[in-house]
Structures are given as C-alpha cells and as structure tokens.
Amino acid sequence: MAAAGTVPGVVEGVRWHELEAGPVRSLWFSPAERAATATVVVFPGLGLPRYLTPLARTLAGGGVQVVVFDALAFRGRRRRVRPTIPGLSTAGQQWLIELVAVSAASGSLVGTPLTAGGPVVVLGHSTGAQVALEVVLGVQHTGRVGALVMAGPTFTPAQRHLRHLVPAGLTAWRKDPPTELVVLKNLARVRTDVVRLVVSGLRHRPEQRVEHLRVPLTTTAGEADSFAPPEWLGELAARAGAGGRAHVLVGSHNNVFPHPDEVAALVRSAAV
C-alpha cells in the first residue's frame, strides 16, 4: 500500500513477500511527481532497515526508486529467514528475482510504476554488504543487476579474530552523532539474530568472492570507519572481477545515517 512519506515529493510503501526461504518485507520509496531515473535495492546491516530511511528518502527525492530488503521483520512461529549471510542472501536472491519478474510482467515494482528501465543497482551496508555481494553473485546471470555498491563492508581478515574485532567495534562509530543511537532500539527486535549474523559474517570471505563479480563494484566507507578502513576498500575494489573503485566519504561506520546526501551521490553515480 502506497502512502505519502514524511518528505515532500516521496511516496512510501510496504509489501510482504511469501518466499521459499520465509516471509520477507519490502520497504519502498519512490519519487511522487516524476518518473524514476534508476532503481536501487538495499540490504541493511544486521537486518535492521530503519537507519537507512534517510538515505532511501534522499535517493527517492532525487528521482531514484528505492526498495529496502527487510527479512527479519517476521517474528512468527512458522519458518522464517535464517539470520546468517547464506540465509539472508538466499532469501535476497529469491526476493530480487521476484521483484524483477513483477516488473517485467506488469511494468511495476512493488506496487508503484517502474519507469526507470535497465538494470538495478544493488547496495549493501555493513553485514548487508556481504549479503548484497552474495545476492549479486547469485543473480548477475539474469542481466538485471548493473552495479554493486558495498558500503562499510565487514569484516577485514584481521578482524576475524576477537582480539582485533572488539577494538575495531569500539572506534567504528566515533564520528557518528548521538542522534543515531535512536535506531539501536531496533536491536531488541532481532535479539539473538545479531549474534548469529555476526558469527556468520566472520566466516565469510568477501575478498575471495568479489573475484567472481561480473558487474562493476564500488566500495565506500566513512573516513573514521575502523570496520572498513581505506586499505580494505581498495583491496576489495582491486580484486573485483569486473573492475572496481573505492571512495572514502565523511563520517564513520554508519555514515549512511547522518550523511545521506554524500552517500546518495555516490550511489547515483554507480547507476550511470
């Protein structure tokens, strides 16, 4: 169901998907009075989509249609998406293929006109960047993905040991404003899912997986992001199978929340 958002010129909506992997919710943001120039699908870190709302609204306000993947919203007793990198990426592949199929069949994406033709840009942040990478690897053969953006990608090889992960975590948000802490109350929603997802993320090897990409890769993070330092961004971009670029922006690990304009500009450039 579509509704006017809290930002003028942006329409927001929600749709549920019954997938083989379990129920998944889509949060979408579209320009209200003009045709979308591009489509971006987003995978949030730790399965928590709320902190990405400012970025989604900024992109939509600039003419981009945004659809956010929310796989951990369902808390019922029946089967739900597993909170691991493989579980979320499997569901994400099914979800993205369904979105593309709906678009091809009816000319719409999650209930709103899709006037931006061509491939979509896939964006993932933090552990969501790991999920996004696996989603793209699973669906890139369809030709419907044009680019991948990994923002604040976790975890560097050194951080896969607890003695290095903890210090990185203590400094990763040092340039993010206190107002960002409002999104942390969402952690109560996912509870133990966070632990399972982080443990799964520590086993993942994005530096090896990017070699199989057949679409361009953009890596980015805030200048003070100790989870994704510049050398890590550069390594992932250099290893990308179809070429890559690395960009350091303002802020820390969650710069997508307090600095949506800067991140949105980079994402839009990946869509060109």
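Just so we're clear, the structure is a prediction, and the values are computed from it rather than from any experiment.
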More than 12 heavy atoms of other groups within 6.0 Å of Arg205 CZ: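 Check passes, neighbour count above 12.
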
Give a yes or no on whether the backbone of [Y] and the side-chain of [X] come within a donor-acceptor separation of less than 3.5 Å.
X	Y	value
Arg144	His141	no
Arg160	Phe155	yes
Arg34	Ala32	no

For [X], give me all partners under side-chain contact (heavy atoms from CB on, under 4.5 Å), at least two apart in sequence or on another chain.
X	result
Ala71	Val24, Phe69, Val81, Leu88
Thr58	Pro260, Asp261, Ala264
Pro86	Arg82, Thr84, Ser200
Thr90	Gln94

In Å, rounded to the nearest 0.5 Å, how long is the span from [atom1] of [X] to [atom2] of [Y]?
X	Y	atom1	atom2	value
Ser252	Glu223	OG	CD	7.5 Å
His17	Arg25	NE2	CZ	10.5 Å
Leu19	Arg79	CG	CZ	9.5 Å
Glu18	Glu98	CD	CD	9.5 Å
Leu213	Leu133	CG	CG	5.5 Å
Phe29	Leu52	CZ	CG	9.0 Å

Provide the full list of salt bridge (charged side-chain N to carboxylate O under 4.0 Å, His left out) pairs with a residue in [range], sequence neighbours left out, each pair given once.
range	value
residues 229-241	Glu211-Arg239, Glu235-Arg239
residues 122-143	Glu134-Arg209
residues 35-46	none

Counting C-beta onward and ignoring hydrogens, is there a side-chain heavy-atom pair between [X] and [Y] closer than 4.5 Å?
X	Y	value
Val145	Pro119	no
His247	Glu262	no
Thr53	Phe257	no
Val40	Gln65	no
Leu96	Val122	yes
Trp232	Thr219	no

Thr142: what forms a side-chain hydrogen bond (donor to acceptor under 3.5 Å, both in side chains) with it, not counting sequence neighbours? none

With sequence neighbours left out, write down each residue that passes side-chain hydrogen bond (donor to acceptor under 3.5 Å, both in side chains) with Gln208, or none if nothing qualifies.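 Partners of Gln208 by the side-chain hydrogen bond (donor to acceptor under 3.5 Å, both in side chains) criterion come out as none, since no residue qualifies.
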
Taking [Y] as the starting point, is it possible to reach [X] by hopping between hydrophobic residues whose side chains are less than 4.5 Å apart?
X	Y	value
Leu137	Trp95	yes
Leu59	Val121	yes
Val210	Leu202	yes

Identify the two heavy atoms, one from [X] and one from [Y], that lie closest to each other, and give their separation to 0.1 Å.
X	Y	result
Ser269	Arg245	OG-NH2, 2.7 Å
Ala246	Ala237	N-CB, 4.1 Å
Gly251	Asn255	CA-CB, 4.1 Å
Leu99	Ser26	CD2-OG, 4.5 Å
Pro153	Leu236	CG-CD1, 3.8 Å
Ala151	Leu123	CB-CD1, 4.2 Å

Pairs involving residues 119-133, ordered by first then second residue, that meet side chain to side chain donor-acceptor pair (under 3.5 Å) (sequence neighbours left out): Tyr51-His125, Ser126-His253, Gln130-Thr154, Gln130-His204

Thr220 pairs by side-chain contact (heavy atoms from CB on, under 4.5 Å) with which of Leu266, Val263, Val267?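 Per the side-chain contact (heavy atoms from CB on, under 4.5 Å) rule, the option paired with Thr220 is Leu266, out of Leu266, Val263, Val267.
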
side-chain contact (heavy atoms from CB on, under 4.5 Å) between Val131 and Ile85: does it pass, once the steps are laid out? CA-CA 6 Å; Val131 173; Ile85 301 300; 3.9 Å; yes

